[in-house]
There are 2 protein chains.
Amino acid sequence: MSNLSTTSDDILACARSLIVAGGYNGFSYADIADVVGIRKASIHHHFPSKVDLVRTLVARYREEAEAGMANVELHESDPHEQLRIYAEYWEACIADASAPFCICALLASELPVLPEEVGLEVRAHFRSLSAWLTSVLERGARRGRFQLVSTPRAEAEAFMATVHGAMLSARAYGDPKVFGVVTGPLLERLAPRSLQIRP
Amino acid sequence: MSNLSTTSDDILACARSLIVAGGYNGFSYADIADVVGIRKASIHHHFPSKVDLVRTLVARYREEAEAGMANVELHESDPHEQLRIYAEYWEACIADASAPFCICALLASELPVLPEEVGLEVRAHFRSLSAWLTSVLERGARRGRFQLVSTPRAEAEAFMATVHGAMLSARAYGDPKVFGVVTGPLLERLAPRSLQIRP
DNA sequence: CCTTACCTACCTTCTGGTAGGACGGCAGTC
DNA sequence: GACTGCCGTCCTACCAGAAGGTAGGTAAGG
């Protein structure tokens, strides 16, 4: 159960960054082969088909996301701070261009032409992210930390949508700062000055 | 200056719906040929290269969007209503699945792998839409119609991002209603009850 | 000896794109 | 009106390269 070969990880990492750049149809096995320094056929040894590759890629991404959410829950109990950590995580990713887009958000945009197995993973991510955000908002509202204008669920969907849209705008403008410009006030709005617990 | 051949329009319309489904790399000339009932080579007669096709497609889309904004300005002077009309336009498009995604939003997600000429058109749309939204919000704030928590520009970017994200979520969940769930409160928030001019 | 990882060589199908011809309509012009 | 040349539209027939994928082999290592 240790890290067997790193090649398969290299392939996954490479595929991930290629998908972030151009989606499912935006890369080929040949592209990966070039970057990883391996032959096309060797990739098929690790991932028989492109669907296998992308499916396990998204599955792993989901695991990481899930772990990330659990980690936030573990180290920070304040709902408002939790959302801030989430937003700032993406802000950092976009700023240093390490992963300037959520893979699932990108793949979701091409859902109609995606292989079914991949599409299922993508949808699952949306559901799990939305569920977590809903729980955070609900807890925050219960504690009087947030001032919600609609249901926690609706606010969570709006929050998620805005974050995804902010990624898109940052990419469209070619300016990482746009992400912060959009998400900053988003957090402010949920917890107005009057509710801030600044000692 | 009359409508010469309708074939080139058919090609554009078909390409548009194919792009809405799967982006730039999600369709081929063969796909269009099948739908329009023409041979692949004939498409090259109208649009020498794929870049030509998509560039003129996006350029036309931008013209239509520009005309749409002008039309809203012409027939409705209330800023809040203007935004509502914009949001409800998309809500209708998504609900009847006629065009369940903004072409430029979709293409923006694959910007890094897009031909430069297409990318320029896409960016231009973002700028022009953002500029219009900014002007609407600014006017609304000046008239005391909106209650903005940050600059009109920032609010406009947030509004646009949320709408784009809402499209994405509607697609991810396979549920058109999600778009309304997200954008509804968005409008409410800008013009709170206390500012409503309901006689 | 068998498994794992990787290779070369090859296959089929699709990709965007080209060359050149067929056909019809529409000026001219005799 | 008939002939002629041209232009726009669409065709068949190609092409080179890229796509995802397969077959079968080699070398290393427990």
Starting from [atom2] on [N], measure out to [atom1] on [X] and report it in whole angstrom.
{"X": "B:Asp31", "N": "C:dT13", "atom1": "CG", "atom2": "P", "result": "17 Å"}
{"X": "A:Lys40", "N": "D:dG24", "atom1": "NZ", "atom2": "P", "result": "18 Å"}
{"X": "A:Lys50", "N": "D:dA18", "atom1": "NZ", "atom2": "P", "result": "15 Å"}
{"X": "B:Arg39", "N": "C:dA22", "atom1": "CZ", "atom2": "P", "result": "18 Å"}
{"X": "B:His44", "N": "C:dT15", "atom1": "NE2", "atom2": "P", "result": "11 Å"}

Salt bridge or not for [X] and [Y], using N-O below 4.0 Å?
{"X": "B:Arg62", "Y": "B:Glu121", "result": "yes"}
{"X": "B:Arg143", "Y": "B:Glu138", "result": "no"}
{"X": "B:Glu157", "Y": "B:Arg153", "result": "yes"}

Is there a side-chain contact between [X] and the phosphate of [N], meaning an N or O under 4.0 Å from OP1 or OP2?
{"X": "B:His45", "N": "D:dC10", "result": "no"}
{"X": "B:Thr7", "N": "D:dC10", "result": "yes"}
{"X": "A:Ser42", "N": "C:dA5", "result": "no"}
{"X": "B:Ser28", "N": "C:dC14", "result": "no"}

- Touch class at under 4.0 angstrom, heavy-atom based, for A:Phe27 against every strand present: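 If one applies the 4.0 Å heavy-atom cut-off, A:Phe27 turns out to touch the sugar-phosphate alone, with no base involved.
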- Are B:Phe126 and B:His164 near enough that their ring centres are under 6.0 Å apart?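 Centroid distance B:Phe126-B:His164: below 6.0 Å, so yes.
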